[in-house]
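Presented below is the structure to which this report refers.
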Amino acid sequence: MVSEDLYSRLNETIVSVPDFPKKGVLFRDISPIFLYPKLYKEIVDAFVRFSRGHVDVVCGIESRGYLFGISIAQALGVPFILIRKKGKLPPPILSEQYELEYGFSEIEMKKDQLKKDLRVLIHDDLLATGGTTEAAARLVEKQGSRVTQFSFLIELEFLQGEKKLQPFGAEVFKILKY
């Protein structure tokens with residue numbers, strides 16, 4: 001679904017930053033993508049090709065899931081729903097806790113923005129351990145809809161995050177894998 005040319009240009013554009021945000025981490029900086037409008041559009045187009053006809057709504061995970069998620073929803077002509085960190089949305093909200101390496105965190109979504117029986121795409125920039133995305137999928141299910149697709153710009157394969165998404169039975173699309 002992604003051309004070799006797009007794959008190569010993305011690899012040339014994304015910057016690998018060693019020891020950020022802490023020692024031992026190799027950070028993949030996607031911010032240079034936004035300097036190239038044509039490249040950005042090609043990425044959005046790849047996500048849209050994956051999802052066209054398969055989803056009724058796009059949910060983006062804060063904050064980098066918004067960078068492409070809003071454009072995907074606009075191109076598909078479907079609503080976009082924010083999934084945010086705890087305490088960032090006014091009530092009424094639904095929340096879901098998930099485990100971190102050391103402790104727990106929580107994400108939220110506005111209650112009743114997602115209607116029953118909708119097909120949902122959950123989008124984020126990065127699939128790492130899968131915990132945040134799994135929690136987002138549980139939020140979708142709490143409102144009576146189902147996740148039919150997940151999409152990510154990058155997957156860190158060695159963290160095996162996709163395993164946490166398998167129980168939802170949804171398609172998973174990743175443009176780059178490291």
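We're numbering straight along the sequence, starting at 1. The structure displayed is predicted, hence computed values, not measured ones.
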Whether the S31 and D29 side chains hold a donor-acceptor pair (N or O, under 3.5 Å, no angle test) is what I'd like checked. yes
Quick one: pull up CD1 in I14 and CG in L176 and give me the separation to the nearest 0.5 Å. 5.0 Å
Do the side chains of E62 and K88 get close enough for a salt bridge, i.e. N-O under 4.0 angstrom? no
Can you check whether R146 reaches V140 side chain to side chain, under 4.5 Å on heavy atoms? no
Measuring from atom CD of Q149 to atom CG of L165, what distance do you get when rounded to the nearest 0.5 angstrom? 13.0 Å
Please report the interatomic distance CD(E157) to NZ(K174), rounded to the nearest 0.5 Å. 7.0 Å
For R84 and L89, work out which heavy atoms get closest and say how close. CD-CD2, 3.7 Å
Where M109 and I81 come nearest, the two heavy atoms and their spacing: CE-CG2, 3.9 Å
Note, D56 side chain near V78 side chain (heavy atom, < 4.5 Å): no
Where do E108 and L139 come nearest, in terms of heavy atoms and distance? C-CD1, 4.0 Å
Is there side-chain contact between F152 and T133, with heavy atoms separated by less than 4.5 Å? yes
Assess the side chains of Y178 and S16: does a donor N or O sit below 3.5 Å from an acceptor N or O? no
Kindly indicate whether the side chain of Y36, heavy atoms from C-beta on, has any atom under 4.5 Å from the side chain of I43. no
Validation row, ring centre F34 to ring centre F68 under 6.0 Å: yes
Please check if the side chain of K116 supplies one atom and the backbone of Q143 the other of a donor-acceptor pair under 3.5 Å. no
Separation of K142 NZ from K111 NZ (nearest 0.5 Å): 10.5 Å
So does R49 pair up with D45, basic N to acidic O under 4.0 Å? no
